[in-house]
Amino acid sequence: MNYAILKAWSEERAEELVAMGVPRAAANEAMHYVEVCAINAESEARKEDQLLLDFKRMGGVELAKRHG
């Protein structure tokens, strides 16, 4: 994920909310929440993808040894 692109996108959406009448502080807080959720979701997906890659590369037995 490109965090700079996410931040720019988030700032644009916050400006749109402000244009609709949402107070700037509330718009920024809402978009901060969106950023955090997006980063967390991407991180979890990357972790799952890595687990699958490791499983294919090492096999289940070796992966089980490494992860207890």
**Q.** Glu29, CD: over 12 other non-hydrogen atoms inside 6.0 angstrom
**A.** no
Q: Run the numbers on Gln50 and Asp54 for side chain to side chain donor-acceptor pair (under 3.5 Å), then give the verdict.
A: CA-CA 6 Å; Gln50 186 61 52; Asp54 289 346; 2.9 Å; yes
Under 3.5 Å, which donor-acceptor pairs do the side chains of residues 5-20 form with other protein atoms, sequence neighbours left out?
from, atom 1, to, atom 2, distance (Å)
Ser10, OG, Glu35, OE2, 2.6
Arg13, NE, Glu16, OE1, 3.2
Arg13, NH2, Glu16, OE2, 3.0
Glu15, OE2, Arg24, NH1, 2.5

**Q.** Criterion side chain to side chain contact (heavy atoms under 4.5 Å, CB included) on His32 and Asn28, from CA distance to verdict
**A.** CA-CA 6 Å; His32 177 72; Asn28 288 340; over 6 Å; no
Q.
For residues Phe55 and Leu51: do they belong to one hydrophobic cluster (side chain heavy atoms under 4.5 Å, members Ile, Leu, Val, Met, Phe, Trp, Tyr)?
A. yes
Q: Run through the side-chain heavy atoms of Ile, Leu, Val, Met, Phe, Trp and Tyr, join any pair under 4.5 Å, and report what else lands in Leu53's cluster.
A: none
Q: Run the numbers on Glu42 and Tyr3 for side chain to side chain contact (heavy atoms under 4.5 Å, CB included), then give the verdict.
A: CA-CA 11 Å; Glu42 188 269 340; Tyr3 300 116; 3.9 Å; yes
